[in-house]
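The structure appears below as structure tokens.
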Amino acid sequence: MDKSTEQESKEQDFGEKPTSVRESDHYQDEYVPGFVDKWDELIDWESRAKGEGNTIINILKERGVKKVLDVATGTGFNSVRLLQAGFEVVSADGSPEMLVKAFENARQYGYLMRTVQADWRWMNKDIHEEFDAILCLGNSFTHLFNERDRRKALAEFYALLKHDGVLLLDQRNYDSILDQGYSSKHAHYYCGDSVSVYPEHVDEGLARFRYEFLDNSVYYLNMFPLRKDYTRRLLHEVGFQEIKTLGDFKETYKENEPDFFLHVAEKE
Ligand code: SAM
């Protein structure tokens with residue numbers, strides 16, 4: 001089998017006991033080409049952009065941000081929105097498949113995306129510039145399964161920011177999933193109608209989400225259920241001075257209500 005055929009037929013493999021897969025490196029095997037291709041069906045860009053509004057762009061503009069590093073580019077949604085809004089953007093991801101897809105998506109919107117393949121834990125090896133802002137969005141940080149990896153990644157992000165830089169990092173409201181069970185209004189991220197998303201298994205160390213598409217294909221992501229205050233504490237501990245956490249893009253909310261939290265972490 002030649003390499004490209006091998007790539008296309010690559011399937012997700014969680015082994016015999018999927019709920020025992022709790023590794024930071026496993027994301028590379030989870031975002032297989034079939035899933036990556038369907039990802040944009042899952043995240044309907046137009047309704048997602050409508051749901052999000054301009055919160056992120058406004059946060060960046062208010063701070064006079066010009067140069068942004070998107071560390072979790074995925075298929076490119078956040079990077080392309082920023083390019084459209086006139087920011088200078090470098091788009092990084094640990095997965096080469098994701099970057100290929102993101103580059104193609106950006107080209108369709110008329111942009112030549114600047115991509116870098118880099119793992120969060122060793123970003124400074126591959127990226128030698130400083131940024132006004134770093135984005136880690138789309139519930140991406142949840143892919144790290146141990147605290148050492150989380151601290152390492154956040155320290156790498158911190159080092160890539162200018163002295164007055166800001167990190168925008170979001171996550172699902174896992175507190176509510178762990179304590180109350182899953183309920184999503186699908187308002188912000190999973191707004192394509194063509195997919196059903198739910199956590200098949202949840203415990204303090206794993207949230208295993210199942211994604212079923214209209215053609216009955218099924219994929220999974222194994223993620224670490226970050227509690228909100230734990231993420232805030234880690235951000236403080238790596239050196240971020242000021243951390244504001246929005247719930248579904250609003251400043252005031254009841255703890256159980258939002259589907260997503262957005263942490264806005266300032267370096268000074
Ligand atoms: N931000 C995009 C969005 O909101 O549409 C999607 C992000 S996708 C949910 C998560 C991305 O994080 C994947 O593309 C995956 O390859 C990347 N990723 C996960 N762990 C990583 C790591 N340790 N280093 C670099 N990238 C990683």
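Remember, it's 1-based here, ligands and their atoms both numbered in the order they're listed. What you see below is based on every heavy atom in this structure, not just the backbone, and it leaves out hydrogens, waters and symmetry mates. Predicted model only: the values in this text are computed from it and were never measured.
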Min N/O separation Trp120 to ligand 1 under 3.5 Å: yes
same_hphob_cluster(Val238, Phe261) at 4.5 Å side-chain heavy-atom cutoff: no
Salt-bridge present (Glu129, Arg114; N to O < 4.0 Å): yes
Sub-4.0 Å heavy-atom contact, Thr73 with ligand 1: yes
Close N or O approach (Thr75, ligand 1; < 3.5 Å): no
Option with minimal heavy-atom separation from atom 5 (O) of ligand 1, where the choices are Arg48, Arg150, Glu97: Arg48
Side chain, backbone, both or neither: the part of Asn78 lying under 4.0 Å from ligand 1 by heavy atom: side chain
Leu137, any N or O under 3.5 Å of ligand 1 N or O: yes
Short side-chain donor-acceptor distance under 3.5 Å, Gln84 and Tyr109: no
Crowding at CD, Glu268 (>12 non-hydrogen neighbours, <6.0 Å): yes
Polar side chain donor-acceptor pair, Thr142 to Arg172, under 3.5 angstrom: no
Any Gln28 heavy atom less than 4.0 Å from ligand 1: no
Residue-ligand contact Ala118/ligand 1, heavy atom below 4.0 Å: yes
Arg233 atom CZ: more than 12 heavy-atom contacts under 6.0 Å: yes
Phe77 N/O under 3.5 Å from ligand 1 N/O: no
